[in-house]
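Beneath this line is the structure, given in structure tokens, with notes to follow.
Residue numbers count from 1 along this sequence.
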Amino acid sequence: MKDFEKEDIEFILEEASKLEDIAKSKAKSRELEGKILGLLFYEPSTRTRLSFETSMKRLGGDCIELGDASNSSVAKGESVADTAKMFESYCDAIVIRHDLEGVSRFLSDIVDVPIINAGDGAGQHPTQTLLDLYTIKKHFGKIDGLNIALLGDLKYGRTVHSLAYALGMYDVEMTFVSPDELKMPKETLHDLEKNNIKYKQTNSLKDVIDDVDVLYVTRIQKERFPDVEEYEQIKGAYSINKKLLEGKDLIVMHPLPRVDEIAYDVDDTEYNKYFEQAANAIPVRMAILRNLITHRYE
């Protein structure tokens, strides 16, 4: 997200809004017919992988994918760089998810097709942030002026790292809510402070829940913890349920998957925006793909 200006974000959000009918199969597009997107996923994914694939196909293109890495040359020791170079020969853009931070930027320096970061370890997840902002703007009609709380695993949660950088470009109140062990990384806080972006930190949800417009919830990520015992002590630190939300004027968002941090009784309430959030991935990622791929050939 550090590569974006506010104008870039607003451009993508506006482009996405124009693609809603195609995203919902109410209209058709062949703009990317004949183009191929490479899906290079080294970590598990449901929404991100499927939404990129759907977005490409809604625009008339197609996809190839690595599939299970254990059934590819990765199992023989092939480096991610060599795999990416091979994909470069077969497709017009590459989406990569990997457990190593910075891998997408590294690959962008060695291949000549666009590289899209679909999550790099505990680093960032910029396309998720764009669909998050799209969801917020669709609901409120704006982003400026809102009070937004990011809750949960802020240390390892790549979605909140990207979101914090992006929200820093807007006139919002940001509050980071987490256990002391899972605070927002010092690097991220330093970058925000360097740009005179104000934020608050607390470990108490009760301190902020009455005042926020958006409660952005993340799960405690067991797979990121170097020590399982540490995870066991922290899991379940926060639990959002219908009773807690009653009378509040806010929306609840979550990048998904959830475990136990949002109760199922929230699903059928007006607070729930996390499923709509997942659906919004299609027009947003369509806008990203269309602009990256078509501009490559201009």
Side-chain angles (χ1 to χ4, degrees), residues 1-20 22-23 32 35 37-59 61 63 65 84 91-108 113-138 143 150 157-169 216 218 253-257 273-274 276-296:
M1 290 310 302
K2 295 180 187 179
D3 295 332
F4 280 77
E5 301 289 342
K6 184 177 179 179
E7 293 76 14
D8 301 321
I9 293 174
E10 288 295 316
F11 172 76
I12 291 294
L13 302 189
E14 178 62 27
E15 289 290 291
S17 69
K18 299 174 184 177
L19 295 168
E20 285 274 0
I22 300 171
L32 296 186
K35 303 296 188 292
L37 178 67
L39 303 175
L40 199 51
F41 280 71
Y42 288 82
E43 284 191 323
S45 174
T46 301
R47 279 152 296 278
T48 303
R49 181 175 59 82
L50 292 178
S51 63
F52 267 114
E53 184 173 359
T54 300
S55 298
M56 191 65 178
K57 291 182 176 180
R58 291 287 192 206
L59 290 168
C63 301
E65 61 179 307
C91 55
D92 302 282
I94 297 172
V95 179
I96 182 165
R97 169 171 288 188
H98 203 282
D99 60 349
L100 294 178
E101 293 184 35
V103 71
S104 54
R105 184 175 294 280
F106 164 70
L107 293 179
S108 71
V113 297
I115 295 284
I116 301 171
N117 181 1
D120 59 336
Q124 292 203 34
H125 197 347
T127 67
Q128 175 71 44
T129 287
L130 292 170
L131 70 92
D132 294 339
L133 296 176
Y134 187 69
T135 302
I136 293 170
K137 192 167 185 178
K138 275 185 70 175
I143 299 173
L150 310 185
R158 56 194 173 201
T159 60
V160 289
H161 300 163
S162 291
L163 186 55
Y165 283 119
L167 290 174
M169 302 178 203
Y216 192 98
T218 64
M253 297 175 63
H254 193 304
L256 302 175
K273 283 294 175 181
Y274 34 91
E276 179 182 333
Q277 184 183 350
N280 286 335
I282 305 301
V284 171
R285 288 179 170 136
M286 285 172 64
I288 294 167
L289 291 172
R290 184 175 72 170
N291 281 278
L292 281 179
I293 295 174
T294 55
H295 287 170
R296 182 184 176 222

Any non-hydrogen side-chain atom of [X] less than 4.5 Å from a side-chain atom of [Y]?
X	Y	answer
E15	M286	no
I288	I12	yes
R97	R158	yes
D92	V113	no
L167	L133	yes
Y165	K2	yes
F52	L289	yes

Quick one: do K6 and E10 make a salt bridge, cutoff under 4.0 Å?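 Not counted as a salt bridge, because no side-chain N and carboxylate O are separated by less than 4.0 Å.
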Taking all non-hydrogen atoms of both residues, which atom of [X] and which atom of [Y] are closest, and how far apart?
X	Y	answer
I9	A166	CD1-CB, 4.1 Å
R285	R47	NH1-O, 4.2 Å
I282	A23	CG2-CB, 3.7 Å
M1	P126	SD-CB, 3.6 Å
S162	H125	OG-N, 2.8 Å
A84	I94	O-CD1, 3.7 Å

Do Q124 and D120 have side-chain N/O donor and acceptor atoms under 3.5 Å apart?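 The answer is no; no qualifying pair exists.
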Ignoring hydrogens and geometry, is there a side-chain-to-backbone donor-acceptor pair from [X] to [Y] under 3.5 Å?
X	Y	result
S51	T48	yes
R290	L32	no
H98	Y42	no

Could you tell me which residues satisfy side chain to side chain contact (heavy atoms under 4.5 Å, CB included) with K138, sequence neighbours excluded, listed by chain and number?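 With neighbours one apart ignored, the set is E20, Y134, E276, N280.
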